[in-house]
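The structure under discussion appears below in the form of structure tokens.
Predicted model only: the values in this text are computed from it and were never measured. Chain letters run A, B, ... following the sequence lines, proteins first, then strands; residues in each count from 1.
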2 protein chains.
Amino acid sequence: MARPLKPLLSRAMIVDAALHLIDKGRPFTIPALGQHLGVHPSSLYHHVSGRQEILELIREQLLMSGATSAPATPPSGPWQDSVRDWAQKYRSSFAEHPHLVRLLTAQTVESLPVLQSYETLAQALRTAGFTPVQVQMAITVLDNFFLGSALDLAAPEEVWQTSQFPDSALAAAVRESPTGVERADAAFEFGLKALLIGLEALRGPA
Amino acid sequence: MARPLKPLLSRAMIVDAALHLIDKGRPFTIPALGQHLGVHPSSLYHHVSGRQEILELIREQLLMSGATSAPATPPSGPWQDSVRDWAQKYRSSFAEHPHLVRLLTAQTVESLPVLQSYETLAQALRTAGFTPVQVQMAITVLDNFFLGSALDLAAPEEVWQTSQFPDSALAAAVRESPTGVERADAAFEFGLKALLIGLEALRGPA
DNA sequence: ACCTGAACACCGTTCAAGT
DNA sequence: ACCTGAACACCGTTCAAGT
């Protein structure tokens with residue numbers, strides 16, 4: 001067969017197929033990806049440097065999916081709005097791909113557009129009066145919380161096995177709460193609200 | 001060589017060696033583990049069912065060591081103290097084994113001692129006036145933040161590659177901040193403080 | 001440039017052979 | 001029972017050969 005008249009693959013096709021594979025809960029392997037694309041595993045390397053880059057491209061596509069019209073506007077308005085924008089983008093991207101999160105925690109963020117979204121947030125925080133060190137800590141805190149919350153999306157229906165002590169405060173709390181994605185979403189909103197309040201209280205030189 | 005007069009291995013030896021390997025930041029593989037123990041990879045399977053069980057044994061050992069120093073005292077004093085206690089226990093368990101966290105997030109944990117520490121926290125929050133649903137959300141929020149922060153402990157020295165735009169607010173924030181574990185710890189403390197403030201503000205029926 | 005297929009250096013795990 | 005070493009079914013990645 002050798003080289004076809006028209007390329008059988010493209011980076012976009014590879015990224016789409018990979019995401020599809022991951023969303024199905026299947027292990028993300030190069031052979032499986034090749035098979036899904038009707039191509040030999042080694043063919044992928046003509047378009048992509050390797051497995052790691054594929055994951056990085058997925059991250060980029062997801063976090064930037066709504067950003068085609070993003071002309072890097074300097075942040076305006078209260079800093080809380082910038083955080084909420086960032087949170088929403090972050091969260092909605094991963095909510096539909098819960099299995100993806102664990103794969104992405106394996107490596108560092110290298111994508112330039114993603115870094116730029118951090119920069120936007122940093123500017124908003126700095127302008128609002130957070131010190132540089134606080135900017136770094138606040139972004140780290142938000143990032144950590146978002147990451148943990150994203151992993152929480154892939155958690156089982158029953159997060160805690162309270163059946164062993166049904167009269168506990170924990171069991172009561174679980175009983176009155178929603179389950180599944182609803183539970184994860186409610187907790188995320190609650191935590192975000194708490195963080196916005198808490199960070200505002202800590203804003204500025206000590 | 002065949003069977004030695006005295007076993008060369010034991011479960012404890014395997015667990016110790018595995019943890020040692022992980023803490024060195026080396027990839028946790030069976031061949032590497034065998035080599036470190038001066039034994040062929042296949043020998044391990046006489047003592048352990050496989051890689052997964054080794055990780056489970058490590059978790060168990062870590063949780064045990066934390067539980068011995070933790071008498072089940074009913075919560076007293078402000079709820080913030082209970083949260084701080086919980087946070088400290090949680091964090092110190094993983095702070096010495098940062099590379100372990102990612103390996104253990106692959107599975108859920110339902111160990112009884114761990115659940116009991118959640119229950120203690122739930123009681124403190126309930127007593128303090130959080131509604132049952134808020135108790136569930138608050139614990140989830142803290143859990144997510146702690147997990148994200150634990151993963152952060154294994155982050156590379158340079159979390160964000162700001163070298164490409166050295167004049168950014170992000171670069172300035174990074175420049176004035178500590179690096180490594182110091183950075184992760186500072187952010188953790190900052191985030192915990194913010195959460196305690198924010199959760200206090202949200203406490204009670206809306 | 002782009003797909004193929006053989007090849008390489010790895011994995012985790014199994015199992016018959018030896019004592 | 002417990003270690004060995006060969007073997008199996010996988011990985012991710014490389015590369016010469018083909019068009």
**Request:** May I have the distance from B:L5 (atom CG) to C:dG18 (atom P), rounded to whole angstrom?
**Result:**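 Rounded to whole Å, this separation is 19 Å.
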**Request:** Check the pair A:L170, B:I139 against side chain to side chain contact (heavy atoms under 4.5 Å, CB included), reporting the backbone distance first and the verdict last.
**Result:** CA-CA 9 Å; A:L170 192 61; B:I139 294 181; 3.9 Å; yes
**Prompt:** According to a strict under-4.0 Å criterion, is A:R51 in side-chain N/O contact with OP1 or OP2 of D:dG12?
**Reply:**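 Looking at the OP1 and OP2 atoms of D:dG12, one of them is under 4.0 Å from a side-chain N or O of A:R51.
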**Request:** Taking only heavy atoms on the protein side, list every residue of residues 19-46 of chain B lying under 4.0 Å from any atom of DNA chain C, sorted numerically.
**Result:**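 Nucleic-acid contacts, sorted: B:F28, B:T29, B:I30, B:P31, B:S42, B:Y45.
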**Prompt:** Does a side chain donor of either B:W86 or B:S117 reach within less than 3.5 Å of an acceptor in the other side chain?
**Reply:**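 A donor-acceptor contact under 3.5 Å links the two side chains.
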Taking the side chain as everything from C-beta on, heavy atoms only, tell me whether [X] gets closer than 4.5 Å to [Y].
X: A:L9; Y: A:S43; answer: yes
X: B:L33; Y: B:R51; answer: no
X: A:Q136; Y: B:E176; answer: no

**side chain to side chain contact (heavy atoms under 4.5 Å, CB included) assessment of B:T140 paired with A:V159** = CA-CA 9 Å; B:T140 301; A:V159 248; 6.0 Å; no
**Asked** Given A:R183 and A:V174, is the side chain to side chain contact (heavy atoms under 4.5 Å, CB included) satisfied, shown in steps?
**Response** CA-CA 10 Å; A:R183 176 201 59 77; A:V174 169; over 6 Å; no
**Asked** Sequence neighbours excluded, which residues qualify as side-chain hydrogen bond (donor to acceptor under 3.5 Å, both in side chains) partners of B:D185?
**Response**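 Testing B:D185 for side-chain hydrogen bond (donor to acceptor under 3.5 Å, both in side chains), a comparison that skips the adjacent residues, returns B:R91.
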**Message:** Once pairs are restricted to Watson-Crick or G-U wobble with both distances under 3.5 Å, how does DNA chain C read as a dot-bracket string, [ ] for crossings and | for other-strand pairs?
**Reply:** ||.|||||...|||||.||
